[in-house]
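Values below: all heavy atoms of this structure, side chains included; hydrogens, waters and symmetry mates excluded.
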Protein chains: 2
Amino acid sequence: MASARQISGPCQAWPEDSAFIREVLDRIGDKWTVLIVSTLSDGSLRYSDLQASIPGISQRMLTQTLKHLERDGLLTRTAFAEVPPRVEYELTDLGRSLMGAVMAMAGWAATHHSEIASNRAASELTGVGRGKTTVSASAG
Amino acid sequence: MASARQISGPCQAWPEDSAFIREVLDRIGDKWTVLIVSTLSDGSLRYSDLQASIPGISQRMLTQTLKHLERDGLLTRTAFAEVPPRVEYELTDLGRSLMGAVMAMAGWAATHHSEIASNRAASELTGVGRGKTTVSASAG
DNA sequence: CGGGATCCTTCTTGATACTG
DNA sequence: CAGTATCAAGAAGGATCCCG
């Protein structure tokens with residue numbers, strides 16, 4: 001996604017600011033980013049530790065996401081020139097502040113996820129969001 | 001952030017809670033969700049108004065995202081049985097609270113996006129996140 | 001151990017055409 | 001107007017092989 005960035009609208013909340021909001025969303029909206037960052041919140045870890053700590057991840061995604069995070073300055077990568085190669089990843093202050101923001105989202109999620117879940121369940125029965133909807137007789 | 005635990009915890013951040021965090025992230029991580037919700041923050045709008053207010057969107061994505069949001073109880077859909085069909089979409093309280101959460105994220109983004117941008121720019125020159133990285137001589 | 005490069009499959013998305 | 005249905009292109013992700 002994130003192809004064209006022409007999102008200027010007439011009556012919007014954020015006129016043009018949405019640009020970097022989407023940047024952030026593109027980053028944390030990524031499944032692995034959140035998992036990696038949260039895993040690193042305990043302290044620095046090496047590549048294989050991360051891979052072991054995050055069950056479903058492939059090394060492709062691990063490497064790629066780590067690169068993105070490093071590029072954005074959310075974590076640091078330190079390679080040790082030892083005989084058995086060792087690389088350690090650690091969150092920067094910026095990375096930890098992202099954790100805080102995600103935690104805030106988590107708070108919202110924790111507060112409302114049951115409500116969302118019940119809404120969703122109710123929709124299954126009602127048919128809402130699948131064709132059937134509230135139909136009002138002409139209110140004009 | 002209410003029930004979430006400390007950032008510098010002993011073991012892992014979220015053992016199993018990540019489930020509904022990801023649910024929320026999957027929703028707002030979606031480009032269109034944020035745009036639709038923010039567009040509706042001004043009040044109810046009809047289908048064609050939304051389509052006009054969000055330049056890049058296709059009716060496929062518009063319809064689909066609206067359905068998801070309706071299903072999760074973030075907005076309501078009201079169809080009027082008039083001769084020229086009219087359907088209005090409006091945020092629920094839950095939807096508006098999501099707006100608040102996204103605004104919070106926007107706050108973080110606003111605070112740090114320049115830092116991220118400069119980090120990213122610096123990485124272009126340094127080569128960080130693209131192969132070259134900080135290499136420490138064997139520390140042990 | 002820590003990746004880089006490649007292939008291949010799946011999911012997502014945009015464009016198009018048709019309906020009530 | 002407000003969608004639905006179908007199709008094809010592209011991106012994302014996983015598996016695999018290989019190198020330093």
Side-chain angles (χ1 to χ4, degrees), chain A residues 1-4 6 26-27 29-36 44-71 75-90 127-136 138-140, chain B residues 22 25-27 29-33 35-36 44-71 75-90 127-136 138-140:
Chain A
M1 56 178 83
S3 47
Q6 45 160 10
D26 277 344
R27 194 102 313 285
D30 175 24
K31 179 181 180 180
W32 305 120
T33 295
V34 178
L35 291 173
I36 290 177
S44 68
L45 286 177
R46 42 199 299 185
Y47 189 88
S48 51
D49 290 335
L50 280 168
Q51 195 163 24
S53 297
I54 307 173
I57 202 168
S58 60
Q59 40 47 320
R60 190 191 201 287
M61 282 302 101
L62 180 55
T63 302
Q64 179 179 299
T65 309
L66 285 172
K67 277 186 179 178
H68 285 153
L69 291 172
E70 186 196 3
R71 191 182 104 200
L75 58 78
T76 58
R77 179 197 132 116
T78 311
F80 297 91
E82 302 175 349
V83 184
R86 182 163 59 98
V87 179
E88 298 234 341
Y89 293 92
E90 184 173 18
V128 172
R130 213 202 60 239
K132 276 187 59 178
T133 28
T134 316
V135 178
S136 300
S138 180
Chain B
R22 292 238 58 269
L25 252 38
D26 277 345
R27 195 101 313 285
D30 175 25
K31 180 181 180 179
W32 305 120
T33 295
L35 291 173
I36 289 177
S44 68
L45 285 176
R46 42 199 299 185
Y47 189 88
S48 51
D49 290 335
L50 280 168
Q51 195 164 23
S53 297
I54 307 173
I57 201 169
S58 60
Q59 53 358 13
R60 191 191 195 288
M61 282 301 102
L62 179 55
T63 301
Q64 179 179 297
T65 309
L66 285 171
K67 277 186 179 177
H68 284 153
L69 291 172
E70 187 195 2
R71 192 182 101 197
L75 59 79
T76 57
R77 180 198 133 118
T78 311
F80 298 89
E82 300 175 349
V83 184
R86 182 164 58 100
V87 178
E88 297 233 345
Y89 294 91
E90 183 173 19
V128 172
R130 213 200 61 239
K132 276 187 59 179
T133 27
T134 316
V135 177
S136 299
S138 179

Partner of B:Q64 under side chain to side chain donor-acceptor pair (under 3.5 Å), picked from B:H68, B:R60, B:K67, is B:R60
Please tell me if B:Y47 has a side-chain N or O lying less than 4.0 Å from either OP1 or OP2 of D:dT4. no
From CD of B:E88 over to C1' of D:dG3, roughly how many Å is that when rounded to an integer? 16 Å
Compare side-chain N and O positions of A:R86 against OP1 and OP2 of C:dG2 and report whether any pair is under 4.0 Å apart. no
Produce the list of close N/O pairs, under 3.5 Å, pairing protein atoms with atoms of nucleotides 15-20 of chain D; give distances to one decimal.
unit_1: D:dT16; atom_1: O4; unit_2: A:Q59; atom_2: NE2; d: 2.7

Rounding to a whole Å, what distance do you find between B:L66:CG and D:dA2:P? 11 Å
Between D:dG13 (C1') and A:I36 (CD1): distance, integer Å: 14 Å
Nearest-neighbour nucleotide for the B:K67 side chain, C:dC1, D:dT4, C:dG3 considered: D:dT4
What is the distance, to the nearest angstrom, from the CG atom on B:L45 to the P atom on D:dA2? 11 Å
Are the side chains of A:T76 and A:Y89 in touch, meaning some heavy atoms are under 4.5 Å apart? no
Check: B:L35 and B:I57 side chains under 4.5 Å, non-hydrogen atoms: no
Using atom CH2 of B:W32 as one end and atom C1' of C:dT13 as the other, report the distance to the nearest whole Å. 10 Å
Using whole Å, report how far CG of B:L62 lies from P of D:dA5. 16 Å
In the structure I gave you, are the side-chain heavy atoms of B:T78 and B:E90 within less than 4.5 Å of one another anywhere? no
Does C:dG2 have its OP1 or OP2 closer than 4.0 Å to a side-chain nitrogen or oxygen of A:S48? yes
How many angstroms lie between CD1 in B:I36 and CG in B:L66, if you round to the nearest 0.5 Å? 4.5 Å
Calculate the interatomic distance between A:F80 atom CZ and C:dC1 atom C1'; express it in whole Å. 14 Å
Could you give the CG-to-C1' distance, from A:D49 to C:dG2, as a whole number of Å? 12 Å
Rounded to the nearest 0.5 Å, what separates atom CZ in A:R86 from atom OG in A:S48? 10.5 Å
B:V87 and B:F80, any side-chain heavy atoms less than 4.5 Å apart: no
